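This report refers to the structure that appears directly beneath it.
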Amino acid sequence: MIGTDAAILIVEDESILAMLLEDFLDDLGYTPPAVASNVAQALRIIETRDIDFAILDINLGGEQSFPIADALDARGIPYIFMTGYGAAGVPDRLRAHYVLQKPYGADALKKALASGGEMLHAARDKKSGTGA
């Protein structure tokens, strides 16, 4: 699982859903996340802050979050998607990423964070040269 001190970015355009996710993370003991509601805002956060992990809604009020995924990939920052469309809404090139199906509860979020933790450890190993 991702450590509770990880710098998490939430990208969600529905403020009530972003707050719900923040509450779930708070209940699990996580540091308050950075939150963005659109692609431009998320890209600014990625450029100006150290982010360890991101949770991306795919549909952001008519925009898709795939440019954010590309920016995260370029920096070696792991992320998962959350969507009401399931894995079918994810392009083939990004299908290796965990998809948190909306609506979700705390247990589903824990499972997603466990998956994210594995990705985070693999990314850190790759950066330090200890991974395969």
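These figures come from a predicted structure and were not determined experimentally.
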* Structure fact -> Rounded to the nearest 0.5 angstrom, the CG-CD1 distance for Leu17 and Ile10 is 10.5 Å

* Asked: Would Leu28 end up clustered with Ile8 when hydrophobic side chains under 4.5 Å apart are linked, directly or stepwise?
  -> yes

* **Any residue meeting side-chain hydrogen bond (donor to acceptor under 3.5 Å, both in side chains) with Arg49, in chain and number order, not counting sequence neighbours** => none

Going by atom type alone, with no hydrogens or angles, which donor-acceptor pairs under 3.5 Å involve a side-chain atom of residues 35-43 and a protein atom two or more places apart or on another chain?
residue: Ser37; atom: OG; partner: Gln41; partner atom: OE1; Å: 3.1
residue: Asn38; atom: OD1; partner: Ala40; partner atom: N; Å: 3.2
residue: Asn38; atom: OD1; partner: Gln41; partner atom: N; Å: 2.7
residue: Gln41; atom: OE1; partner: Ser37; partner atom: N; Å: 2.6

* With sequence neighbours left out, what residues match Asn59 under side-chain hydrogen bond (donor to acceptor under 3.5 Å, both in side chains)? -> none

* Tell me, do Met82 and Leu56 make a side-chain contact under 4.5 Å, heavy atoms counted? -> no

* Verify the distance criterion only: is there a donor paired with an acceptor across the side chains of Tyr79 and Asp73 at less than 3.5 Å? => yes

* Structure fact -> Quick note, salt bridge (Lys or Arg N to Asp or Glu O under 4.0 Å) partners involving residues 55-68, not counting sequence neighbours, are Asp57-Lys102

* Structure fact -> Applying side-chain hydrogen bond (donor to acceptor under 3.5 Å, both in side chains) to Glu14 and not counting sequence neighbours gives none

* Between Tyr30 and Asp5, is any pair of side-chain heavy atoms under 4.5 Å apart? -> no

* Asked: What residues, two or more places apart in sequence or in another chain, satisfy side-chain hydrogen bond (donor to acceptor under 3.5 Å, both in side chains) together with Asp70?
  -> Arg93

* Structure fact -> Nearest heavy-atom approach of Ala106 to Phe24 is N-CZ, 3.8 Å

* Structure fact -> With sequence neighbours left out, the residues meeting salt bridge (charged side-chain N to carboxylate O under 4.0 Å, His left out) with Asp23 are none

